[in-house]
Protein chains: 2
Amino acid sequence: MDDIDRELVALLQQDATQAYAALGKAVGLSAGAAHERVRKLRERGIIRRTTVDVDPAALGQGVLAFVMVESSAWMGESGAAFATIPEIQEAHIIAGSASVLVKVRTATTVQLQDVLRRLYAIDGVSGTQATVSLETFFERPVSPLVN
Amino acid sequence: MDDIDRELVALLQQDATQAYAALGKAVGLSAGAAHERVRKLRERGIIRRTTVDVDPAALGQGVLAFVMVESSAWMGESGAAFATIPEIQEAHIIAGSASVLVKVRTATTVQLQDVLRRLYAIDGVSGTQATVSLETFFERPVSPLVN
DNA sequence: GCTGAAAGAGACGGCTC
DNA sequence: GAGCCGTCTCTTTCAGC
């Protein structure tokens, strides 16, 4: 994992459809060498997968909310329970008063309410506190070049 | 945007490297027809870009935190200011006591502290409240199939 | 939306440093 | 171990239908 690898990752984050020849040129390598490095990055799990970035609004999911989930018990093994709710995009155990923070996308606030209802159905959940996003400034990939 | 389009988006989210022939087969279309639909999805901006999903820990960014940023003024035009901090992965205007919620990734908590310092340097920022994630259950793409 | 042919990209081997 | 350069295969792309 050297600087060239980091550059390759950054380039692929911007556009994963570009040819290895172009990638190689950008980092000063041949197409084959660039290909080899990217293959190893995938193999090592640094690049988890190649995916597409989708506009949530276009899928009719214009409402974004962050929900603090309070619990009366240790939630460390409850990941699967949260995963069964498809509207939940992320779930994290957090340090602080609430115990789990989830990121939720729905079409309407009525559907958001329904997600909250399903959250309460999870064992140990004792409360929720939803914060609705009014506008998203940006959402971007992790920057590999901060170091 | 019909059911086939939604299926195509879901398939591409799982693996954007697969061939159009395979995509077409999965949804009952020829390779050419599948390609045409995906092209239009990109053209319409429903698919924003093709990117790679990177393991943040592998990039040495093992610390994840959500920071509520309180402000003494309207922050509606401050998106660019937040964008200049590369450790900030997302920034949203929220309804609630704080006015902006940001998602931050750093290598260490010391660097997280430095991000907070840079947040305070933004015009109008009057306070921050950071919540550190202890464990991430999951982070996944928006589900196109919830409707 | 399908089919067929041309152009291009990716995968794999051997080879060198 | 990393990079380079062949070749072969598969995919993409664009035409006409």
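A note on names: the letters A, B, ... follow the listed sequences, proteins ahead of strands, and every chain is numbered from 1.
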Practice prompt. Would you mind reporting whether B:Val52 and A:Thr51 have side-chain heavy atoms less than 4.5 Å apart?
Written response: no
Response to the item:
Taken to the nearest whole Å, CG/A:Leu23 to P/D:dC4 is 14 Å
Fill in: For atom CZ of A:Arg39 and atom P of C:dA11, their distance in whole Å
10 Å
Discussion item. If I take atom NZ in residue A:Lys25 and atom P in nucleotide C:dA9, what distance separates them, rounded to the nearest angstrom?
Written reply: 13 Å
Practice prompt. For B:Gln18 and D:dC10, give me the distance from atom CD to atom C1', rounded to whole Å.
Written response: 15 Å
Worksheet item: Parallel, tilted or perpendicular: which describes the rings of A:Tyr20 and A:His35, with under 30° parallel and over 60° perpendicular?
Response: perpendicular
Worksheet entry | Atom-to-atom span, OH of B:Tyr20 to P of C:dA9 - whole angstrom | 14 Å
Worksheet item: Rounded to whole angstrom units, what separation is found between the CD atom of A:Glu43 and the P atom of C:dA11?
Response: 13 Å
Item to complete: Using atom NE2 of A:His35 as one end and atom P of C:dG13 as the other, report the distance to the nearest whole Å.
Response: 13 Å
Worksheet item: Do the side-chain N or O atoms of A:Lys40 get closer than 4.0 angstrom to the phosphate oxygens (OP1, OP2) of D:dA2?
Response: yes
Practice prompt. Check every atom of C:dG10, C:dC2, D:dT12 against the side chain of B:Ala19 and return the nucleotide holding the closest atom.
Written response: D:dT12
Discussion item. OP1 or OP2 of D:dG3 versus the side-chain N and O atoms of A:Arg37: is any pair under 4.0 Å?
Written reply: yes
Worksheet entry | Side-chain H-bond candidate by donor/acceptor type, A:Ser71 with A:Ser99, under 3.5 Å | yes
Worksheet item: What nucleotide among C:dA11, D:dC4, D:dT12 has an atom nearest to a side-chain atom of A:Ala33?
Response: D:dC4
Worksheet item: Between atom CD in A:Glu36 and atom C1' in D:dC5, what is the gap in whole Å?
Response: 14 Å
Practice prompt. Using only heavy-atom distances, determine whether the side chains of A:Thr50 and A:Arg42 contain a donor-acceptor pair under 3.5 Å.
Written response: yes
Practice prompt. Using heavy atoms to find the nearest nucleotide of DNA chain D for B:Ala21 and A:Leu29 separately, return the residue whose nucleotide is more 5′.
Written response: A:Leu29
